[in-house]
Number of protein chains: 2
Amino acid sequence: MKPPPDDPRPATARRPRRHDPGRRDRLIDAALTVIAERGVAGTTHREIARVADVPLGSMTYHFASLEEVLAEAFTRHAESAARVFDECLGSARDRTEAVEAVITLVSGYLLGSQYDLVLSVELYVAAARNPALRAVTQAWMARSRRALERHFDATTARELDALIEGLVLHSALSTDPMTPEQIRHAVERFLR
Amino acid sequence: MKPPPDDPRPATARRPRRHDPGRRDRLIDAALTVIAERGVAGTTHREIARVADVPLGSMTYHFASLEEVLAEAFTRHAESAARVFDECLGSARDRTEAVEAVITLVSGYLLGSQYDLVLSVELYVAAARNPALRAVTQAWMARSRRALERHFDATTARELDALIEGLVLHSALSTDPMTPEQIRHAVERFLR
DNA sequence: ATATGATGCGTACATCTGTACATAGCGCGA
DNA sequence: TCGCGCTATGTACAGATGTACGCATCATAT
């Protein structure tokens with residue numbers, strides 16, 4: 001781990017940039033990348049630093065602990081996902097368009113990279129044990145439910161929310177994921 | 001970590017039992033306990049050994065690697081859960097009883113200890129990264145779907161399976177879990 | 001230009017991890 | 001009863017991890 005002593009360059013020459021506002025943000029993004037790729041279990045200070053191309057010491061400088069990094073990362077992920085949810089449903093003008101928006105959202109989840117899906121599941125399991133992360137999850141769920149309540153009554157919104165959750169999760173782990181048509185069938189059947 | 005050198009008892013006196021058939025089984029059970037309590041991330045050889053009250057060396061003797069322990073543990077969990085599913089649905093004589101069985105299963109999941117639920121989510125996230133565990137998950141899902149297909153057509157079974165998944169997961173992470181009545185409402189609405 | 005205080009970083013360290021392996025001890029056949 | 005061989009265990013070890021901290025370095029004011 002020790003640098004080769006024959007390296008002629010002084011330490012600072014190798015890493016020129018010092019003043020780097022927004023580095024904290026990049027670190028959080030890097031953390032999300034690492035979580036998606038290696039899981040929470042494989043997320044370490046060193047790995048995040050490597051991905052973000054910053055020195056290890058920068059981690060402890062910007063975050064009090066690894067747990068803080070995880071909490072910030074998951075908060076960002078949840079907020080970003082909720083925003084997509086909000087916007088997609090907010091643009092719907094009637095119930096039919098809302099159904100269409102839901103189908104689009106679910107299909108997008110499944111067809112897109114596994115990135116967001118994996119992050120969500122990782123967040124779930126982390127939330128099961130960490131109260132701070134549980135609050136993040138609950139805020140996220142409350143927000144998506146509220147978005148649905150713009151077009152459906154409270155009970156329907158809650159049940160539909162759960163159905164979406166199940167369709168996405170179940171389908172993602174299956175050998176043959178559901179097609180958008182199958183998603184549409186399930187959602188419309190439920191809302192009929 | 002080293003034992004106090006002034007312990008007068010020889011090593012063998014402290015741990016009398018040597019011949020212990022079925023120890024492997026107990027270790028797998030202990031592993032499930034540890035996974036449920038500390039998560040896969042907190043599951044180590046030493047922790048399992050501590051819970052099962054066996055020496056560390058016993059772990060590497062009975063299992064080639066930690067991954068093997070996890071695989072066996074999750075396999076056992078999935079099989080046990082699937083058996084419950086099978087039995088509960090198998091005893092139903094008509095579709096109405098099958099619906100009742102489903103509601104009972106879901107409610108049981110929510111009202112019982114978090115034990116099984118946490119294990120399931122841990123299995124999901126582990127399966128996302130480990131091919132061997134993914135096979136376990138898929139076998140489990142296939143089996144529960146087949147049980148549903150005894151009473152519903154294939155499409156309905158698949159969608160219902162996903163709905164159940166969503167209801168359980170969503171509800172478990174929520175601040176106010178759904179009541180059995182709410183579960184019944186959602187399931188019957190879907191099957192109407 | 002230069003002193004100076006805040007900012008950022010390299011490195012060390014104690015701890016914990018999975019795993020290997022030399023033996024110790026017991027069951028079992030003679 | 002007595003050995004022998006397989007089962008089981010204590011221990012060692014290399015590697016990785018989170019975190020602390022002293023010091024280098026830069027922005028800024030003079």
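Owing to the predicted nature of the structure, the values given are computational and were not obtained by experimental measurement. Just so we're on the same page: letters track the sequence lines, and every chain starts at 1.
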In this structure, how many angstroms lie between the [atom2] atom of [N] and the [atom1] atom of [X], rounded?
X        : N       : atom1 : atom2 : answer
Phe63(A) : dC9(C)  : CZ    : P     : 13 Å
Tyr61(B) : dC6(D)  : OH    : P     : 11 Å
Ile48(A) : dT17(D) : CD1   : C1'   : 12 Å
Glu68(A) : dG18(D) : CD    : P     : 14 Å
Met59(A) : dC9(C)  : CE    : P     : 12 Å

ask   = Can you list the residues that meet the ring pair (Phe, Tyr, Trp, His ring centres under 6.0 Å) rule with His170(A), with sequence neighbours excluded?
value = none
task = Applying salt bridge (Lys or Arg N to Asp or Glu O under 4.0 Å), name anything that partners Arg38(B), two or more places apart in sequence or on another chain.
result = Glu47(B)
task = Could you tell me which residues satisfy salt bridge (Lys or Arg N to Asp or Glu O under 4.0 Å) with Arg143(B), sequence neighbours excluded, listed by chain and number?
result =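 With sequence neighbours excluded, Arg143(B) shows a salt bridge (Lys or Arg N to Asp or Glu O under 4.0 Å) to Asp86(B), given in chain and number order.
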Donor-acceptor pair, side chain of Arg145(A) and main chain of Arg158(A), under 3.5 angstrom =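 Here the side-chain-to-backbone pair does not exist.
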request  = Give me the residues of residues 31-45 of chain B where at least one heavy atom lies under 4.0 Å from an atom of DNA chain D, by number, or none.
outcome  = none
key: Contact list for residues 102-128 of chain A, test salt bridge (charged side-chain N to carboxylate O under 4.0 Å, His left out), sequence neighbours left out   = Glu122(A)-Arg129(B)
Would one find a side-chain N or O of [X] under 4.0 angstrom from OP1 or OP2 of [N]?
X        : N       : result
Thr60(A) : dA20(D) : no
Arg46(B) : dG10(D) : no
Ser58(B) : dT9(D)  : yes

query = Starting at the 5' end of DNA chain C, which residue's closest nucleotide do you reach first, His62(A) or Leu56(A)?
reply =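 Here His62(A) is the residue nearer the 5' end.
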query = Can you list the residues that meet the side chain to side chain contact (heavy atoms under 4.5 Å, CB included) rule with Ala41(B), with sequence neighbours excluded?
reply =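 Scan of Ala41(B) (side chain to side chain contact (heavy atoms under 4.5 Å, CB included), adjacent residues dropped) gives Ala41(A).
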